[in-house]
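Accompanying notes for the structure given below.
So that the names make sense, note that chain A is the first sequence line, chain B the second, and so on, each numbered from 1. Fair warning: this is a prediction, and the values are worked out from it, not measured in the lab.
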Number of protein chains: 2
Amino acid sequence: MTSTPHGARARARIEITAAIKEEARRRLAEEGAAELSLRAVARTLGMASSAIYRYFPSRDDLLTALIIDAYDSLGETAEAALQGSAGAAPGERWAAVCEAIRGWALAQPHEYALIYGSPVPGYAAPASTVPAAARVAFALIDVVRDAHRAGELDVPALPGDLESEAARMAADFVPDLPPAVAPACVAVWAQLLGLIGFEVFGQFTRVVEERDAFFRHTVAGLARTVGLRPADAAS
Amino acid sequence: MTSTPHGARARARIEITAAIKEEARRRLAEEGAAELSLRAVARTLGMASSAIYRYFPSRDDLLTALIIDAYDSLGETAEAALQGSAGAAPGERWAAVCEAIRGWALAQPHEYALIYGSPVPGYAAPASTVPAAARVAFALIDVVRDAHRAGELDVPALPGDLESEAARMAADFVPDLPPAVAPACVAVWAQLLGLIGFEVFGQFTRVVEERDAFFRHTVAGLARTVGLRPADAAS
DNA sequence: CACAAACGAGAGCACTGCTCTTGCATTGCC
DNA sequence: GGCAATGCAAGAGCAGTGCTCTCGTTTGTG
């Protein structure tokens, strides 16, 4: 039933699907996920509201598609920063990837909110989002891995009650690194995105003014937490 | 216009206002903010939907009231942990306050999402929420302040480009502490809530299993970032 | 007592997600 | 090439939402 399901109709289908997503993303950029209305999308696309349901069985399915796209877009940005900094010192690469993630988040706050905002509890992220979501994390991990290969990673300490958990984590997604760095990576990943979230969601209003410098400094601290030696020696 | 504006009607007003908030909070606990419907609240309260608008001019106003309550509830929890650990070593107090915040968040995820989730950009938090929101932060800062008084605070380094910002921050809300700790406090505050957010919002699914131990360890790392000496010497 | 303010209820508007039915166009098979 | 099956768009419709307006009624004050 696959293998280029024959001709014009199929092409039209993927084109229209793309057009719906595109228009939805456009509205998302300026309104936020809560205000995204299927009917409005259909209207500006010149189709009946009921027609959209041929392409996305429900509003949530559209949102899920947008979530995956957002994860991928962010992951791509992070990977680009990773490659753009190839050869640089681990501390600098770390900063570059973090800045790229932050830049993406600030440029598309609503999409950031979509993926790192509040998925209501009870809502289990569809398994289809997992690989896309992992890309950012793996970009960060790649920096750590490179530092490790170059012998420039200070493996952090690990308390006894986390040993088995660390072993499991490491086996799951960093089998080539010392187990102790796995929890540190996860912690730093969460803290970084949390930090960015605070800025994007306006929690820094009237608290942090010079956000670029503040972010640079904080991210250097995070680097130290995973065992990297930050580029900015002064911080 | 204040000073007990006379009698039974006023009393009824504050009672009904409270009942609305209570019912709204109940629905919030099991459904999430997006699903909270004024009409539904009115229905279970046995009043016409239009009557609610006598008490809250709009749905957003109701949500704002709930946000303030949530901030206060969380702040209260943090302050209780602070007082409950009076006299203990700074590292232990830090852990206690952090655990309290996390516990609150896990117990009322929807309320956590309401305050630290995704306020759509374009939405400036009403000034009325600020003092309530600050309570958590100040509870954390109190631990740092105590450590400083006891001479147990290792003041973190500060890069040159953050000096003026640090001075401004310190003047604004920690005038009695060395300026360098101010950015560290803000960073750690954001990172802690971000970490908790990741857990509450399900980002740790299939990533972190032993979340208590993981949190304990990570929070000890955060303590070190602000210059505290964590209780858990092993971590 | 009279008057004004506060209040509750109901109807109504514009909007939403989603379903169902009806008719048309395209597609693939014989 | 002709035809049945399928894919698709459109419209009407349901149940629900936030919010407004009006119209009596209740309440407190001069």
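- Residue contacts for Tyr55(B): at a heavy-atom cut-off of 4.0 Å it reaches the sugar-phosphate backbone alone, with no base atom in range.
- Salt-bridge check for Arg26(A) with Glu30(A): failed, with every basic side-chain N at 4.0 Å or more from each acidic carboxylate O.
- Put simply, Ser50(A) has no side-chain N or O that comes within less than 4.0 Å of OP1 or OP2 on dG11(D).
- Using a cutoff of 4.0 Å between basic side-chain nitrogens and carboxylate oxygens, Arg27(B) and Glu23(B) are scored as salt-bridged.
- Straight-line distance from the CZ atom of Arg59(A) to the C1' atom of dC15(C): 13 Å, rounded to whole Å.
- Mapped onto DNA chain D by nearest heavy atom, Ala51(A) and Arg39(A) fall at different nucleotides, with Ala51(A) at the one closer to the 5' end.
- Atom pair Arg11(A):CZ and dT27(C):P shows a separation of 10 Å (rounding to whole Å applied).
- Counting non-hydrogen atoms under 4.0 angstrom, Leu36(A) reaches the backbone sugars and phosphates but no base.
- A salt bridge links Arg102(A) with Asp212(A): the distance from a Lys NZ or Arg NE/NH1/NH2 to an Asp or Glu carboxylate oxygen falls below 4.0 Å.
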For the pair Arg216(A) and Asp161(B), evaluate salt bridge (Lys or Arg N to Asp or Glu O under 4.0 Å) and give the outcome as yes or no after the intermediate values. CA-CA 10 Å; Arg216(A) 216 177 308 128; Asp161(B) 61 348; 2.8 Å; yes
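- Computed from coordinates, the Arg54(B) CZ to dT27(D) C1' distance equals 13 Å when rounded to whole Å.
- Two residues are said to be in side-chain contact when any heavy atoms from C-beta on lie closer than 4.5 Å; Trp94(A) and Ser85(A) fail this criterion.
- Dashed line: the shortest gap from a side-chain N or O of Tyr53(B) to OP1 or OP2 of dA6(C) is not under 4.0 Å.
- Leu38(B) places its CG atom 19 Å from the P atom of dC15(C), with the value rounded to the nearest Å.
- Taking for each of Ala40(A) and Pro57(A) the nucleotide of DNA chain C with the nearest heavy atom, the 5'-most of the two is the partner of Ala40(A).
- For Ile16(A) and dT26(C), the CD1 to P distance is 13 Å, given to the nearest whole Å.
- Rounded to a whole Å, the CD atom of Glu35(A) is 13 Å from the P atom of dG18(D).
- Taking atom CZ of residue Arg13(B) and atom C1' of nucleotide dG28(D), one finds them 15 Å apart after rounding to whole Å.
- Residue Ser49(B) has no polar side-chain atom (N or O) positioned under 4.0 Å from OP1 or OP2 of dA9(C).
- Atom CG of Leu45(A) is separated from atom C1' of dA10(D) by 15 Å (rounded to the nearest Å).
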